[in-house]
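Below is one structure, written out as C-alpha cells; comments come after it.
Residue numbers begin at 1 in each chain, while the letters A, B, ... track the order of the sequences.
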Amino acid sequence: MKDNEIRTRLAPSPTGDPHVGTAYQALFGYVWAKKNNGSFILRIEDTDRERSSRESEKAIIDSLKWLGLEWDEGPEIGGPYGPYRQSERLEIYHEYINRLVAEGNAYPCFCSREHLADVRKERQKAGSSSGYDRKCRDIPPKEAAKRVEAGEEFTIRMKIPLEGTCVFEDLLRGKIEKDWASIDDQVIMKADGFPTYHLAVVVDDHLMKISHIIRGEEWINSVPKHVLLYEFFGWEPPVFCHLPLLRNTDKSKLSKRKNPVSINWYRKTGILPEALLNFVGMMGWHLSDDREKFSLQEMVDNFMLEDISLGGPVFNVDKLLWLNGRYIREDFSTDELLERLVEWGLNREHFRKILEICKGRMSCLSDWGELTGHFFSGRISLSKEELLLKDMDDTETSEILQIILWELEKLDSFSKENIYSLFKGLSEKLDIKLKYLTQPLYIAISGNAVSTPLFDTMDILGSDISRTRIRCAIEELGDLSKKRLKLLEKKYDSLFGDS
RNA sequence: GACCCCAUCGUCUAGCGGUUAGGACACUGGCCUUUCACGCCGGCAACACGGGUUCGAUCCCCGUUGGGGUCGCCA
C-alpha cells in the first residue's frame with residue numbers, strides 16, 4: 001500500500017436500525033475513496049456494551065450491501081489492519097490508554113456517577129459549558145495507582161489543557177477555534193474497561209491509516225479532544241470533513257420520531273437502492289451540469305469533497321419518490337422490473353407467510369386481492385371516523401396511538417409474541433379492553449376493520465412500515481399540539497418509566 | 001444557558017464582484033390522451049436584516065436575527 005493512499009471509513013455503531021444518515025456518510029466516504037483509487041473501510045464501533053448488538057450489525061451490513069456500497073476492509077472480510085470490530089481490539093486500546101497515563105496525559109477518576117450528575121447539574125445551572133470539576137485530576141499518581149490496585153472502581157480521563165485555544169481545520173469550513181476551557185476532561189476508558197468513542201476512534205483511525213474522516217457535523221465539537229490525543233501520541237491527524245446533517249422537515253436533525261429513517265423502511269416501501277443512493281448523493285452535492293439523476297459510477301467520476309454545500313438539507317421524501325419513479329420508468333425493461341418486484345415482495349416465502357393468515361378468511365381464491373392489499377402498499381387510505389377508539393375523541397385516540405408508538409419503538413424484536421404482550425400490558429395499564437385498544441390499529445395498519453390478524457400483520461410488515469402507518473394515523477387525526485405532547489410524555493414516563 | 005456550525009424560491013440546489021438570479025421537487029394553468037399516470041409547454045415563488053469594502057455586491061468583511069448541533073462512564 002502506498003503511503004499517500006486515500007483511505008476513508010464508515011464507522012457505524014450497531015445500536016439500532018440501519019439509518020439513512022449512515023448511508024449518507026457511507027456514500028460520500030465510498031465515493032471519495034473510489035474517486036482516488038483508494039480504499040473504503042468498514043469498522044464496527046461497538047464499544048457501548050449495553051446497546052450494541054450483533055443483529056443490528058448484521059442489519060447495517062445487509063443494508064449497505066443492498067445499497068451496493070462495497071468495502072475493501074471490514075469485519076468478516078478482514079484486511080491488513082484488523083480486527084475491524086472495536087470490541088475485539090481491547091488490548092490495543094489498553095496499551096494506548098496505559099501510555100497516556102504513564103506519560104501524565106490521562107488519569108484515573110474515582111468519582112461516582114451520582115457525584116458527577118450533581119456536579120454537572122450545578123455547573124450547568126451556573127452557566128458553565130463544562131460539567132466536570134476535575135476533582136480527581138490532581139490525585140498524586142502513586143495514590144491513584146494504590147486505589148486502583150485496591151479494586152476501587154474508576155474510569156480514565158484525558159487531561160485537557162486548562163487554558164488556550166484549540167485550532168483545527170475542517171476541509172469544508174476552514175479554521176475552527178475552540179477554547180480548551182470549554183472542554184471537559186473526557187472519559188476515555190469506562191469503568192467496564194471499554195474505551196469510549198473518542199479514544200477508540202483516534203487509535204483506530206491512526207492504526208488503520210485513515211486519510212480522511214468523513215462523518216456528520218455533530219462531531220465537530222469533539223474534534224479538539226481528538227486533536228489533542230493525536231498530539232499526545234505524536235501522530236499526524238487525518239483530514240477532517242464534517243458533512244452537514246440530514247434534517248426533518250422542521251429542520252431538526254433527522255430523527256425517527258418525525259421521519260422514517262431506517263434504510264429498511266425505504267427498502268420495504270419499494271425504493272430502489274440506486275434511487276436512494278442517488279437521492280442521498282444530491283444532499284449537498286450535485287453534478288456540474290443540471291442532471292439530477294446520476295449513477296454511483298458517475299458520482300465517483302465527478303466527485304469532489306470540497307464541492308459539498310453546507311446548508312443542512314431536508315430529507316424530502318416527495319422528491320425521492322419522483323427520482324425513484326424515474327428509475328422505474330427509464331432504467332428497466334418490463335422483465336427486469338418484474339425481477340425486482342419479485343425480489344421485493346412477490347416471492348414465494350413472503351406470499352406463503354401472508355397466505356398462512358389469510359387462508360381461514362378466504363372463500364375463493366380471488367379474495368386474495370382484497371385481503372392482502374395492505375401488505376403491498378406503502379401509504380394506505382384511512383377514514384378518520386373509523387380510527388377513533390371507543391368512547392374517545394380524536395385527541396384522546398391520538399394520545400393512545402402515540403403511547404403505542406413509543407412503546408413499539410422500545411421493542412428490541414418486532415415479533416408477533418412481543419407485540420402481543422406489549423398490547424396486553426398496555427391494555428392493563430391504560431385500563432382499556434384489548435379488543436377496543438386494538439380496533440383503531442386495524443384501521444391504521446390495514447386500512448380496514450375487517451382484516452388479517454393484527455399482530456401477525458405487524459410482524460410481517462415489520463417495525464418500520466407498521467410504525468409509519470401508526471404515525472400516519474395520528475397525522476390523520478390531527479397532530480397533537482406541542483403542549484399536549486409534552487404533557488403526554490410526562491404522563492407516559494410516570495406510567496411506563498423512561499428508558 | 002454556554003460554546004461551535006450554518007444561512008439563495010416551501011424543499012433540494014446553481015451562482016464563486018457586473019446574470020431578466022438558472023434548474024429540479026411540490027403547487028398550479030394548458031397540450032397530449034378512452035381515464036389516470038407519464039411526457040411536453042407555461043405560471044407562482046428566493047438572495048434574512050443592518051453596516052462597511054468597492055465604480056458596482058447574492059457573492060468579500062463585521063454585527064444582528066434566525067436555524068441547527070454539542071455540552072454523558074452514547075456513539
Side-chain angles (χ1 to χ4, degrees), chain A residues 11-16 19 21-22 44-52 86 108-113 116-117 120 123-132 153-157 165-166 168 170 172-201 215-225 242-254 279-293 306-326 328-330:
Chain A
S13 67
T15 54
H19 197 281
T22 306
I44 301 294
E45 310 231 318
D46 54 351
T47 51
D48 183 342
R49 273 212 271 189
E50 303 267 294
R51 298 194 305 151
S52 298
Q86 291 186 326
C109 169
F110 303 95
C111 293
S112 71
R113 289 164 211 258
L116 291 173
R120 192 174 304 132
R123 293 175 67 95
Q124 199 96 211
K125 213 163 49 186
S128 166
S129 68
S130 69
Y132 176 55
E153 189 176 90
F154 70 100
T155 61
I156 303 282
R157 290 180 184 267
T165 305
C166 176
F168 65 94
D170 176 273
L172 299 174
R173 295 153 230 267
K175 257 188 203 4
I176 296 177
E177 303 189 7
K178 196 164 167 60
D179 288 339
W180 287 116
S182 71
I183 302 170
D184 273 327
D185 281 0
Q186 177 64 44
V187 171
I188 55 175
M189 191 186 86
K190 311 177 213 177
D192 65 3
F194 273 57
T196 59
Y197 172 83
H198 305 283
L199 187 278
V201 83
R215 55 111 86 147
E217 193 181 355
E218 74 259 41
W219 291 109
I220 285 192
N221 281 303
S222 34
V223 174
K225 297 169 189 172
H242 291 89
L243 263 20
L245 256 25
L246 263 22
R247 315 285 185 100
N248 297 311
T249 323
D250 66 3
K251 295 278 193 179
S252 56
K253 176 172 156 183
L254 195 63
F279 179 68
V280 144
M282 61 200 229
M283 307 270 87
W285 188 80
H286 64 96
L287 234 34
S288 51
D289 53 33
D290 281 334
R291 271 181 314 133
E292 298 199 279
K293 186 171 161 230
E306 45 271 58
D307 287 343
I308 293 171
S309 62
L310 292 175
V314 170
F315 195 93
N316 181 210
V317 181
D318 268 346
K319 189 151 184 176
L320 169 60
L321 245 25
W322 163 78
L323 229 203
N324 200 52
R326 283 194 59 186
I328 288 178
R329 277 173 253 125
E330 298 169 11

If the threshold is 4.0 Å, N to carboxylate O, is there a salt bridge linking [X] and [Y]?
X        : Y        : value
A:Lys319 : A:Glu292 : yes
A:Arg291 : A:Asp289 : yes
A:Glu217 : A:Arg173 : yes

At under 4.0 Å, does any side-chain N or O of [X] touch on OP1 or OP2 of [N]?
X        : N     : answer
A:His286 : B:A14 : yes
A:Arg329 : B:G39 : yes
A:Lys190 : B:G72 : no
A:Thr249 : B:G10 : no
A:Arg120 : B:G72 : yes
A:Lys293 : B:C12 : no

Subject >> Nearest-0.5 Å distance that lies between atom CD1 in A:Ile176 and atom OG1 in A:Thr165 >> reply: 14.0 Å
Residue [X], side-chain atoms from C-beta onward, closest of [options]:
X        : options             : value
A:Tyr197 : B:A75, B:U13, B:C73 : B:A75
A:Met283 : B:C12, B:C5, B:C73  : B:C12
A:Lys178 : B:C73, B:C4, B:U11  : B:C4
A:Asp318 : B:A75, B:C71, B:C25 : B:C25
A:Asn316 : B:G23, B:G69, B:C25 : B:C25
A:Asn221 : B:C6, B:C12, B:U70  : B:U70
A:Arg247 : B:G23, B:G67, B:C25 : B:G67

Original post:
How are the rings of A:Tyr197 and A:Trp219 set to each other: parallel, tilted or perpendicular (split at 30° and 60°)?
Top reply: parallel
Sticking with atom [atom1], work out how far [N] lies from [M], rounded to a whole angstrom.
N     : M     : atom1 : value
B:C36 : B:U70 : P     : 48 Å
B:G51 : B:G15 : P     : 28 Å
B:C38 : B:C27 : P     : 10 Å

**OP:** For A:Ser288 and for A:Pro195, find the nucleotide of RNA chain B with the closest heavy atom, then tell me which residue's nucleotide is more 5'.
**Re:** A:Ser288
Original post:
Below 3.5 Å, does any donor atom in the side chain of A:Lys319 face an acceptor in the base of B:A24, or the other way round?
Top reply: yes
Subject >> Flag if over 12 foreign heavy atoms under 6.0 Å of CD, A:Glu306 >> reply: yes
Original post:
Over how many whole Å does the gap from A:Leu199 atom CG to B:G72 atom C1' extend?
Top reply: 16 Å
Original post:
What is the nucleic acid contact for A:Leu116, judged by heavy atoms within less than 4.0 Å: base, sugar-phosphate only, or nothing?
Top reply: base
Subject >> Watson-Crick/G-U partner (both atom distances under 3.5 Å) of B:C40 >> reply: B:G30
